[in-house]
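Have a look at the structure below, then the notes.
A note on names: the letters A, B, ... follow the listed sequences, proteins ahead of strands, and every chain is numbered from 1.
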Amino acid sequence: MPRYNPADIEPRWQAYWEENKTFATPENPGGKKRYVLDMFPYPSGDGLHVGHPEGYTATDIVSRFARMRGESVLHPMGFDAFGLPAEEHAIKTGEHPRIQTQRNIDNFTRQLKMLGFSYDWDRVLATTDEAYFRWTQWIFLVLFDTWFDAEQQVGRPIAELPIPDSVRAEGPRAVDAYVDSRRLAYQDDALVNWCPELGTVLANEEVVDGKSEVGGHPVKRIPLRQWMLRITDYAERLLEGLDDLEWPEGIKKLQSDWIGRSTGAEVDFFVGQEEQFETWKSARGESGFPQRPGGDALRVYTTRPDTLFGATYMVVSPEHPMLPQLTASDQADAVTAYCEKASFKSDRERTEGDREKTGVFTGSHAINPVNGKPIPIWVADYVLAGYGTGAIMAVPAHDERDFEFAVKYDLPVIAVVEPPADAENRAEILAGKACFAAVGNAINSGSLDGLDTAEVKTKITARLSGEGLGKQAVNYKLRDWLFSRQRFWGEPFPILHEVDQDGRETGRMRGVDPSELPVRLPELEDFKPHGRPEPPLAKAGEDWLYVTIDGQRYRRETNTMPQWAGSCWYYLRYIDPHNDARLVDPEKESAWMPVDLYVGGAEHAVLHLLYSRFWHKVLYDRGHVSTPEPFRRLVNQGMILGEVEFTAYFDPDDQPVSSQHVRKSPEGGRQSKDGRPVVAKPVAEDQVEKKGEGFVLKSDPSIRIDSRAHKMSKSRGNVVNPDVVVKEYGADALRLYEMFMGPLEATKPWSMAGVGGVRSFLDRVWRMIVDDQCDDLVLQPGLSDADGDEDQNRMLHATIKKVTEDTESMSFNTAIARMMEFTNFFTRCETRPVAAMKNFLILLSPYAPHLCEELWKILGQQGSIAHQPWPSWDEAALVQSSIEVPVQFNGKVKTKIHVSPDSKPDQMIEAALADDRVQEMLAGKNVVKKIAVPGRLVNLVVKP
RNA sequence: GCCGAAGUGGCGGAAUUGGCAGACGCGCUGGAUUCAAAAUCCAGUUCCCGCAAGGGAGUGAGGGUUCGAGUCCCUCCUUCGGUACCA
């Protein structure tokens with residue numbers, strides 16, 4: 001009884017592929033090349049969950065399909081292996097994070113191999129490999145050695161940086177400082193998210209609701225000297241580059257919103273004595289708009305320079321450098337107290353609650369440059385230090401935030417844009433009682449009255465520009481990238497800080513010579529952070545920490561790089577993973593780049609993909625890569641949820657509460673309408689029935705039940721482990737099910753019964769070819785060397801066509817459905833042409849490779865089915881002699897007729913009208929209009 | 001609040017992009033096989049009325065365009081995901 005036994009078949013073929021290097025990448029891509037890439041995983045201690053193989057199976061099918069169509073394929077896998085969990089484990093246990101990481105990598109590798117993915121395992125890498133992070137450090141040195149030429153919009157070697165004579169005159173120290181301030185990798189005191197609990201600084205994106213993303217610990221903001229990467233210089237290029245990418249529009253929009261380009265104007269407001277305004281103004285007319293505003297002007301950025309006449313006050317951020325100067329002595333206490341409070345506010349406190357705006361008057365005024373009127377300057381934390389100039393002109397009539405603030409502090413509101421005549425609250429807007437944040441014609445704006453917003457913007461900006469009071473400006477929401485972490489388990493920076501004889505840093509630094517790379521991590525006794533915002537690497541021994549070059553002592557940089565660093569460029573290393581002379585061989589690089597298909601989760605939509613694109617552009621500018629963008633096509637696989645669960649709610653008396661009466665409580669839990677807390681309890685499927693829109697308890701149909709699939713999580717206990725699925729159903733069934741669930745991009749719930757369904761399909765495929773009634777391994781007696789009949793040929797060729805087209809378009813679910821139809825059809829046939837079976841196995845092999853290899857061999861074929869050419873279909877075999885088309889009356893199907901597939905519309909109408917059934921139903925009615933769509937239908941418009 | 005995606009049988013989902021709604025799978029019902037069960041095979045399965053032939057309704061709700069709408073347009077509702085004062 002040779003039944004389909006994946007537990008036997010699958011490991012055997014996996015071993016075969018490994019031994020025979022079936023999926024080795026061609027040394028030099030010949031013909032069409034295709035680089036198919038998965039977002040590599042972080043090897044967590046939990047192993048793979050079923051979300052991973054979704055994308056991996058999709059790319060595997062694409063890769064196998066492409067190889068069978070004669071393309072050269074690069075399909076690698078690796079591990080994003082630096083990361084907090086391994087370090088936290090090390091802190092707890094004292095075990096070196098490398099050991100734990102390797103254990104996890106081994107487990108991931110086992111699981112990935114178990115699923116039969118056709119990776120070229122000779123190219124596997126981990127970001128923690130010294131041979132790998134040597135080049136991560138090398139790229140950092142490139143960033144350190146590059147400055148951005150804004151004029152040419154290109155990164156250039158630091159040696160080409162023009163040094164202003166004024167700087168040169170101040171001596172070599174000043175030149176060094178100047179150079180350091182222009183590098184793409186630079187140091188800066190930044191307000192950072194210090195998490196005392198984790199003993200580390202977190203990036204903004206690692207802080208969720210004012211708490212650490214990992215562990216949920218409180219986070220405080222403190223200033224610290226940090227490595228920053230000047231990604232903002234590349235904002236324009238990163239934005240423009242999006243146009244040519246085949247990425248989901250949603251992801252492009254997310255990136256472009258994140259970059260957040262806006263255009264407007266910078267405007268200087270005079271902050272000196274009112275009577276000196278005219279003097280200042282005419283001086284500005286002479287000098288023009290200066291690079292820096294100087295001490296007598298407060299510079300703002302606005303996207304609505306057309307509303308300048310409506311600016312009734314100004315606001316500076318609590319961190320604004322001019323604030324002390326602007327603060328009048330009688331307001332000093334209030335301002336200091338306010339700033340103090342703001343600086344101690346965590347992000348959580350800032351965003352929590354209704355976030356009512358707060359602020360304090362500084363006691364000083366600025367002169368509105370368009371009308372010479374003094375307006376008060378306030379300090380408020382709704383203005384962010386890091387955006388624009390850190391100061392705004394407030395136009396409460398036309399900005400919701402300013403309006404809210406103005407109402408609270410009773411500041412004047414002057415409408416300068418006319419709302420439309422039919423605006424509901426027109427009168428209120430004009431009276432300064434409501435806010436109107438749209439465009440329109442100018443009012444209360446002197447000579448500009450009546451012009452529309454666009455014209456006023458242009459005119460005002462031009463006028464200010466001529467007077468040296470303002471200029472057109474562009475701003476980005478994107479901030480420079482905080483690139484250092486106070487952790488052990490990351491790439492050390494290849495940077496040396498000069499120290500003087502007392503061991504103090506002099507402020508000068510140098511990169512480690514590239515020939516000295518990698519800078520390895522030091523050996524430490526333990527991995528505990530010391531709770532100070534100083535990195536664990538500072539605990540390293542003197543021999544690691546200090547270096548002497550040409551008699552000068554240096555201290556190593558002790559920060560480490562963030563996890564993003566390794567994942568920023570791994571796709572390049574796969575191309576030439578063992579090269580120890582270069583990052584990647586330029587010939588190989590230009591042969592394989594760009595990545596043709598990149599598949600991964602949408603959670604990396606912004607950060608990983610933006611950071612990678614940034615690094616890539618720097619490497620491009622510096623001549624190390626040949627393409628301006630790394631990832632040509634991007635596809636996001638959807639999330640896989642747990643099994644659908646039915647949930648009933650019970651009040652404290654254990655009485656069921658209908659789900660329509662259950663609300664979210666303010667504390668985040670759930671409560672009934674009357675405010676009593678309710679608990680959710682799972683209900684078995686057979687206790688539930690459908691009623692109307694939802695489900696109700698069978699025992700009490702007045703009680704509605706929630707029916708929903710939840711995100712898989714350990715706490716909910718609905719995580720599906722691929723090991724278990726493979727053991728029970730086999731890897732081919734798991735692969736097939738993941739693809740059969742629905743479209744790749746969709747979020748969809750897991751169903752173990754569904755896995756059983758595709759497994760029985762695979763059983764049917766097996767029985768279509770193997771006689772399972774016989775004790776020995778014998779082919780189905782129905783298999784025949786004869787040609788198939790017409791119907792069989794049509795089924796075969798239609799299947800080849802559908803599977804080819806659907807695989808090309810990554811519509812895997814419908815391709816599988818078609819192969820199921822094929823199997824259902826042929827298992828009903830007495831005789832089954834072997835040629836058709838062989839073609840079918842080739843079609844199925846990218847999806848269920850182990851089973852197909854086995855059946856291929858059972859059919860007496862040599863070698864791997866993976867090397868077979870993909871079949872093509874014969875259009876002639878698809879043609880039918882007669883097709884059935886519906887006849888509609890007024891768009892409703894009434895009957896069907898048979899016509900030749902190439903019938904012209906006239907012939908179809910004729911055939912329809914000649915049909916007995918049609919005649920019968922047409923009795924006593926008039927045909928007003930006749931429509932026929934060739935090959936589709938006939939529609940008769942009839943009237944009584 | 002804003003942005004994005006999506007609402008189709010009991011469930012997951014199809015529908016050649018304006019042309020037969022519900023392919024394929026799960027589940028369910030009946031039958032065959034079996035001492036029995038599993039497995040397998042066959043038939044049926046959107047809902048309502050009807051013994052049936054047949055008839056009617058139907059793609060979140062309402063309106064519109066069209067010979068014809070799941071698909072296009074307008075208004076609204078719901079769910080999921082993302083996001084947070086960027087001047």
Please tabulate the protein-to-nucleotide N/O contacts below 3.5 Å involving nucleotides 43-48 of chain B, giving atom names and distances.
none

Side-chain donor-acceptor pairs of residues 740-749 of chain A under 3.5 Å, sequence neighbours excluded:
from	atom 1	to	atom 2	distance (Å)
A:Lys748	NZ	A:Glu54	OE2	2.5
A:Lys748	NZ	A:Pro743	O	2.9
A:Lys748	NZ	A:Leu744	O	3.3
A:Lys748	NZ	A:Ala746	O	2.7

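- Taking only side-chain nitrogens and oxygens, A:Lys748 never comes nearer than 4.0 Å to OP1 or OP2 of B:rG12.
- If you check every strand for non-hydrogen atoms under 4.0 Å, A:Lys477 touches a base.
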Taking only N/O atoms, report every protein-nucleotides 54-64 of chain B pair under 3.5 Å with atom names and distance.
none

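- Side-chain atoms of A:Lys357 and base atoms of B:rC85 include a donor and an acceptor less than 3.5 Å apart.
- OP1 or OP2 of B:rA14 sits under 4.0 Å from a side-chain N or O of A:Asn813.
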Reading nucleotides 16-21 of chain B from the 5' end, what letters show protein touch, with B for base, S for backbone sugar-phosphate only, - for no heavy atom under 4.0 Å?
B--BB-
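- In this entry the distance linking CH2 of A:Trp258 with P of B:rU83 reads 8 Å, nearest Å.
- Aromatic ring orientation, A:Tyr313 versus A:Phe405: parallel (interplanar angle below 30°, classes split at 30° and 60°).
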Starting from the C-alpha separation in whole Å, work towards a yes-or-no answer on salt bridge (Lys or Arg N to Asp or Glu O under 4.0 Å) for A:Glu821 and A:Lys802.
CA-CA 11 Å; A:Glu821 286 183 74; A:Lys802 179 78 173 155; over 6 Å; no
Per-nucleotide protein contact along nucleotides 24-33 of chain B, 5' to 3', at a 4.0 Å heavy-atom cut-off (B base, S sugar-phosphate only, - neither), is BSS-------
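- OP1 or OP2 of B:rC41 lies within a sub-4.0 Å distance of a side-chain N or O belonging to A:Arg767.
- Atom CG in A:Asp706 sits roughly 13 Å away from atom C1' in B:rU78 (whole-Å rounding).
- Taking atom CG of A:Leu254 as the reference point, atom P of B:rA5 lies 11 Å away to the nearest angstrom.
- Not counting sequence neighbours, the partners of A:Glu875 by the side-chain contact (heavy atoms from CB on, under 4.5 Å) test are A:Lys801, A:Trp873, A:Leu878.
- Minimum heavy-atom separation, A:Ser707 to A:Phe695: CB-CD1, 3.7 Å.
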